[in-house]
Amino acid sequence: MIRSEILKELIPVISDHFVVCNIGLPSQEMHMLDDQPTNFYMLGTMGLSSSIGLGLALAQKQTIISIDGDGSVLTNLGTLPTIANNVADNFILLIIDNGSYGSTGDQPTYAGMKTSLTAVATACGCENVIECAAEDTKDVMVKAIASKKMTIIVSKCESGNVKVPVITKDPVVIRDRFMTALAARNAS
Ligand SMILES: [Mg+2]
C-alpha cells in the first residue's frame with residue numbers, strides 16, 4: 001500500500017475529527033479525497049504538522065490527529081521529546097513512513113534505512129508508540145481514538161504517489177475555516 005491508499009481507508013474513521021495534514025502530497029491527497037473545514041492543510045513549514053497538532057490538542061479538548069511523514073519527522077526530530085514531555089491525551093500522531101521524501105521525488109530517507117522512528121519516539125519518552133503495517137493502520141487508528149490516550153502510530157508503507165491537483169485555497173481561508181469549525185465544536 002502507498003500513502004494515498006492508507007488515507008482513503010482512514011477517511012471514514014478520521015473524517016469526524018480535526019486533522020492537521022503534512023505539507024505537500026499528503027495535504028493534496030486529503031484535499032482531493034475528503035476536503036472539509038476540519039482539515040488543516042499545511043502549505044508551508046515542513047516538519048511542523050506534529051508541532052501544530054500538539055499545540056492544538058493542548059489548547060482545547062477536541063481530538064486532534066496529525067498526519068505526518070517520515071521525512072518531515074526527521075526534519076523536526078525535536079518534536080518527539082516535546083510530545084513525550086507534554087502529554088495531550090486528545091492527540092494522535094500518525095507518521096506515514098514510506099521511507100522516502102515523497103513530495104520531492106521519492107528520495108530515500110534514513111527511516112527506510114537504519115533509523116527506526118518507532119525506536120526514536122520510544123527513546124524520547126513517548127508512550128503508546130505503535131508500529132504497524134500499512135494494511136492495519138485503520139484498525140490501529142480506531143483503537144487509538146477510542147483509547148483517549150496520546151498515541152503515536154508509525155505506519156510502514158511503500159513509497160509512491162498518485163497524481164493530485166494542487167490546493168488553490170488561500171492559506172488564510174484554510175486556517176480560518178478550521179479555527180471556526182474547532183471553536184464551534186468546542187462550544188457545542
Ligand atoms: Mg515519506
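Both ligands and their constituent atoms are indexed starting at 1 by order of listing.
Under the 6.0 Å cut-off for aromatic ring centres, F178 and F18 qualify, their centroids lying closer than that.
A donor-acceptor pair shorter than 3.5 Å can be found between the side chains of Y41 and D35. Side-chain polar atoms of D106 and S159 form no donor-acceptor pair below 3.5 angstrom. Side chains of S15 and Q36: a donor on one and an acceptor on the other come within 3.5 Å.
Partner of I95 under the side-chain contact (heavy atoms from CB on, under 4.5 Å) criterion, out of I67, N22, V73: V73 alone. Partner of N90 under the side-chain contact (heavy atoms from CB on, under 4.5 Å) criterion, out of M150, K148, Q60, Q62: Q60 alone.
Listing protein N, O or S atoms at distances below 2.8 Å from the Mg ion (ligand 1), with waters left out, gives D70 OD1, N98 OD1, S100 O.
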